[in-house]
Structure formats: C-alpha cells, structure tokens
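Here is the structure we will look at, set down as structure tokens.
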Number of protein chains: 2
Amino acid sequence: MSQMQNVERQLREMILALEIGPGERLTERWIESRFGASRTPVRAALLRLETEGLVGRDGRGWTVSPINLAELEQIAVYREAVEVAALRLTCGQADKSVVDVIEAMLDSCDENTPREEWHRVGMDFHIELARLSGNEFLFRAVRDAMTRLSRARWLEVRDETALGRAWLEHRAILAATRLGQADEAARLLSAHIVGSRDRLVTSLANDRRGLRARGFAVVAA
Amino acid sequence: MSQMQNVERQLREMILALEIGPGERLTERWIESRFGASRTPVRAALLRLETEGLVGRDGRGWTVSPINLAELEQIAVYREAVEVAALRLTCGQADKSVVDVIEAMLDSCDENTPREEWHRVGMDFHIELARLSGNEFLFRAVRDAMTRLSRARWLEVRDETALGRAWLEHRAILAATRLGQADEAARLLSAHIVGSRDRLVTSLANDRRGLRARGFAVVAA
DNA sequence: GATACCAGTTTGGTATCCCAAAATGGTATC
DNA sequence: GATACCATTTTGGGATACCAAACTGGTATC
C-alpha cells in the first residue's frame, strides 16, 4: 500500500468519524507528522479528498469541510435524480437474482447488531443498489453523495426508530425492484430519500447548538 | 496563476483538443519539460485530471484516457438523469428571465460562426442550463459529464446538419422551459440527449478505423 | 531464430530543501 | 487600552535529490 493511499484512507476515516471536527484547520505539516509520511503523499491525499468534498481550501490553507445544511438538501435532490435513474435501469433488467446480495445485507442486521453497523449497512444499501444498474457514472455519483452525507448521518444513528424505519423502507424498495415494478420502486425510493433528508435536516437543526459547542462548524441552510 | 493551475489547464486543453491522442502514455518528466514546471505541480495536475477522467493510471504510469464507446453510452444515461432533474427544478422557479442569458448564447451563433464555436456553445448550453437549477451537485455533474464527452464531440463538428439540429432542439427546450412546461421540456431534453448519443456513437463507430489510424485508442462498447 | 538473462536507463513514489507570502506575537506609540 | 508597526515563525507552493521497481536493449545460450 502506497503512502499516498495510506494517508488518504486514514485521513478520510478520521474526518468521517468526526475525529477531526468539521471546520477545523489542517496543515500539511500536521498531517505529515501525524501519519509519518512526507508532504508529497500528504498533498496528493488532500487533493483527492478535496474532490470528494471532505476538505476544502480556506485561502491558502486547508479546512475540513463544515457540515452544510444547504448542501445536504441539495445532495438529497441530486441523490433522488441519480438513484431513481439507477433503480429504473435495474428494474428493467431480466435477472433479478442480483438483488439477493443486497437482501442479504439487510438480513445481516438484527436487534443485536450495533448501531454503527446499521448505519454502515444503510449507506451501503444505496451504494450497492446503484451498482446493480451497471452504470458506472450513476454508481459513482451515489457513492460520492453518500460519502458526503455520512458525517451528518452519524448523528442520525442515535435515533433507533429512524434506523428501523429506513430498514423497512429499504425492504419495500427491494421487493418492488424484484417484481420489476419500476414506478412503484421509484416512488418508494424518492419518498425514502426525501424522508431521510427531512429527518436529517430537522435533527441537525436541533443539534446545531450542541455541535457548535463541540467545535464543529455547521453552516445554516 | 499558480504553476499547478497552469499545468492543469494547459494539459487539459491539449487532451481535449486531441493534441495528445487518446490512449497515449504520459510521463511526468515529459509534462515537466513541456510546460517548464517541476514535478510537484505536474503531479497535482495529473491527480486532478484523473478525477475528471481525462487521464488514468496504466499500471505505474499515466495514460490519456481512451475514447470509450461504452462509457459514452453510460454518460448519456447519466446526463439524462441529472439534466432532466436540473431542468425540472428550473421550470419550477418563478423567475424565468434567467433563461435570457442562455437564449443570448444561442443567438450569438449564426452562419458565419466557426464550427468550433458552435461546438463550444452547444456544450455550454447544457452546462449553463444546469446551473440555473441552483443545485450545485446537478450542475457539477453536468459540467463534468460534458468535459468527458467533449473529445468525442469534436468529431461531430464535421457534421454541419447535426450542429444545426442540436441548435434547434436547444431552442425548443428553452421555449418550453420559459413557459414552465416541465414535462414537455423534460421530454424534449431527454430526446435531445438520446438523439445526440445515437448520432455520436454511430459516427464514432464509423470513424473508429480512421481514429485508430491516427493513433487514437478507441475502446469498443 | 527464439529465448533467457543481465546491465543500463527510465519512471513514478517519496523525502527534503528553499522561498515568498501569510500568520503570529510582541512592542512602541498615541 | 487600543492600535499601528515590525521581527519572527509558520505555511503552502515549488524544485530537486534519491530510490526501488519497471522497462529497454543487447547478448549469450540453446
């Protein structure tokens, strides 16, 4: 594993796990010493994370991207477009056995499963569902959108009923997909995405004060 | 202007103008001497162009991405999803005067306008139309998709009737948008994208032999 | 003639050095 | 006490040195 991939992966994990707070400043020298790499791989990693939207430029320096409510709402619209398009492609495919893999993902969650795992499976559901479309661009769009969302979605983990509700909705989407009912599947998926967004934005707006107290930058819509 | 931006911009232009052929190998040292920059900015530029899909890794080295027919077809599907979503958002907006700017773009083309300019305006039409949606993600998706398409679209420039037909379709889309007729506008846009793809793929499939003879890598669908 | 092998070269990955600009912190001035 | 100013430090951008791996071209072997 190259140093660049190492730094990129570890830094991404730290950011997504909120170990580095949204809005926090980053210096190349700090990353360098933190991960024991030189500046060349550090800079490469930063450039890639910039295109993922996880870090941004603040004048000359680097900043961990703040959680941006307006952005979250826009991402929901974007997701709706690409995920529904992907799902319709999948519904049009003859072989529906491919959804078994995703069904198995959902099956792997029960009451004993830790919430973090529910969270991860919830994201992977959407990513893997998009992959089934066979369209690389739709797939990457969904994957990247979920990456951007994932820091905010951590906050949703505390709400157990939300996780359960999402799980049920995922099941319903899969069922319609398996039957090839494209319109119904699309309707369910749209509603799911819009509902998730509403819960997320509400939850975030309520927590904004607390998040700011922890030093996290949260930009209003 | 920083060296990194310089190298990135110039290298992108060379690739898009087919001055460096699709499939051609790139060495960091060559770029370094070609643009009079050191490897640091060269490396940064390559990393960015990689995320744009214009260059890719070939084992350890760098390669100008080949023109990939399967990819072009997938991009068309992707475009349809994001452009239609963006257009529907725009149709829902109260203020329709924003389309004037785009109308003016189309107006700027007449029989005396060089074909390259028609080509550029044709791409910008889609990009600027997406920008009107106000959704940053849909906008970037369209812009990036058009960038990926633009090398292939150069080949279409030779067909004057295709340019004129696209221009008429653009007009019709704008007209429906101005009236807020979302469904009609969406239908026209979808048909336009699908039609463009068909013409492009047909044209490319026919030219494949000639392109290969010029040393361009063209990957089949 | 084909092939296995080896020395020399090239190349990307990494580390390190230099620099100008920006941030910092202390100090003098009002 | 606030502020303007200056020396110092820090930082990102760029250049370069070094290395290991990959590639190249030629040669010896069969």
Side-chain angles (χ1 to χ4, degrees), chain A residues 1-16 19-66 68 212 215-217 219, chain B residues 1-16 19-66 68 212 215-217 219:
Chain A
M1 172 83 64
S2 72
Q3 283 285 58
M4 183 230 141
Q5 291 171 322
N6 242 331
V7 174
E8 181 188 342
R9 190 172 43 77
Q10 295 190 61
L11 188 55
R12 184 190 295 109
E13 276 173 21
M14 284 189 74
I15 292 173
L16 292 182
E19 290 169 28
I20 315 179
E24 210 161 308
R25 282 192 113 94
L26 288 172
T27 66
E28 297 182 355
R29 258 89 176 187
W30 179 83
I31 301 169
E32 189 182 359
S33 66
R34 177 70 177 71
F35 299 111
S38 78
R39 288 180 65 204
T40 309
V42 166
R43 297 189 60 180
L46 283 170
L47 283 172
R48 311 210 96 187
L49 294 178
E50 186 188 17
T51 69
E52 289 184 39
L54 296 184
V55 304
R57 297 205 117 96
D58 177 37
R60 208 170 61 124
W62 298 96
T63 309
V64 177
S65 299
N68 184 326
R212 283 185 178 285
F216 294 168
V219 177
Chain B
M1 171 81 65
S2 72
Q3 283 284 58
M4 183 234 142
Q5 292 171 322
N6 241 332
V7 174
E8 181 189 343
R9 189 172 44 76
Q10 295 190 60
L11 189 54
R12 184 190 295 109
E13 276 174 20
M14 284 189 74
I15 292 173
L16 293 183
E19 289 169 29
I20 314 179
E24 212 161 307
R25 282 193 114 95
L26 288 173
T27 67
E28 297 183 354
R29 257 89 175 187
W30 179 83
I31 301 170
E32 188 181 359
S33 66
R34 177 71 177 71
F35 298 111
S38 78
R39 288 180 65 203
T40 308
V42 166
R43 197 158 240 294
L46 283 170
L47 284 171
R48 312 210 95 187
L49 294 179
E50 185 187 17
T51 71
E52 290 184 38
L54 295 184
V55 304
R57 296 204 116 98
D58 176 37
R60 207 170 61 123
W62 298 95
T63 309
V64 178
S65 300
N68 184 327
R212 283 186 177 283
F216 294 170
V219 177

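So that the names make sense, note that chain A is the first sequence line, chain B the second, and so on, each numbered from 1. No hydrogens, no waters, no symmetry mates; every other heavy atom, side chains included, goes into these values.
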field: Proximity to the side chain of B/Glu28 - top-ranked nucleotide from C/dT11, C/dC18, C/dG13
entry: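 Shortest atom-to-atom distance from the side chain points to C/dG13.
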
Just to be sure I understand the rule, does [X] reach a base, reach only the sugar-phosphate, or reach nothing, if contact means heavy atoms closer than 4.0 Å?
X	result
B/Thr27	sugar-phosphate
B/Ser2	sugar-phosphate
A/Gly61	sugar-phosphate
B/Leu26	sugar-phosphate
B/Arg25	nothing
A/Ala44	nothing

With rounding to the nearest 0.5 angstrom, report the [atom1] to [atom2] distance, [X] to [Y].
X	Y	atom1	atom2	answer
B/Gln5	B/Arg48	CD	CZ	8.0 Å
A/Leu49	A/Leu26	CG	CG	9.5 Å
A/Met4	A/Leu46	CE	CG	10.0 Å

Complement of C/dC19, any strand, by Watson-Crick or G-U distances under 3.5 angstrom: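 Across any shown strand, C/dC19 pairs with D/dG12.
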
message: Suppose we define a pair by two distances each less than 3.5 Å, Watson-Crick or G-U wobble; what does D/dC30 pair with here?
response: C/dG1

message: For a 4.0 angstrom threshold against heavy atoms of chain A, report the outermost contacting nucleotides of DNA chain D in 5' to 3' order.
response: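 First-to-last contact on DNA chain D, by the 4.0 Å heavy-atom rule, is D/dT11 to D/dG14.
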
field: Cation-pi check, A/Arg25 onto A/Trp62 ring (under 6.0 Å, within 45° of axis)
entry: no

Over how many whole Å does the gap from [X] atom [atom1] to [N] atom [atom2] extend?
X	N	atom1	atom2	result
A/Asp58	C/dA23	CG	C1'	12 Å
B/Arg39	C/dT10	CZ	C1'	11 Å
B/Leu47	C/dG12	CG	C1'	12 Å

task: Tell whether B/Arg57 reaches the base of C/dG12 with its side chain through a donor-acceptor pair below 3.5 angstrom.
output: no

query: Do A/Ile31 and A/Glu28 come close enough that some side-chain heavy atom pair is under 4.5 Å?
result: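 When only atoms from C-beta onward are counted, A/Glu28 and A/Ile31 do not touch, as no gap falls below 4.5 Å.
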
B/Arg43 side-chain N/O to C/dA15 phosphate OP1/OP2 under 4.0 Å: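 Checking B/Arg43 against C/dA15: no side-chain N or O falls below 4.0 Å of OP1 or OP2.
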
field: Short N-O contact, B/Glu8 and B/Arg12, less than 4.0 angstrom
entry: yes

Protein-nucleic acid N or O pairs under 3.5 Å, nucleotides 19-21 of chain C:
none

For [X] and [Y], work out which heavy atoms get closest and say how close.
X	Y	answer
B/Ala45	B/Val7	CB-CG1, 3.7 Å
A/Leu11	A/Ile20	CD1-CD1, 3.8 Å
B/Ala217	B/Gly23	CB-CA, 3.6 Å

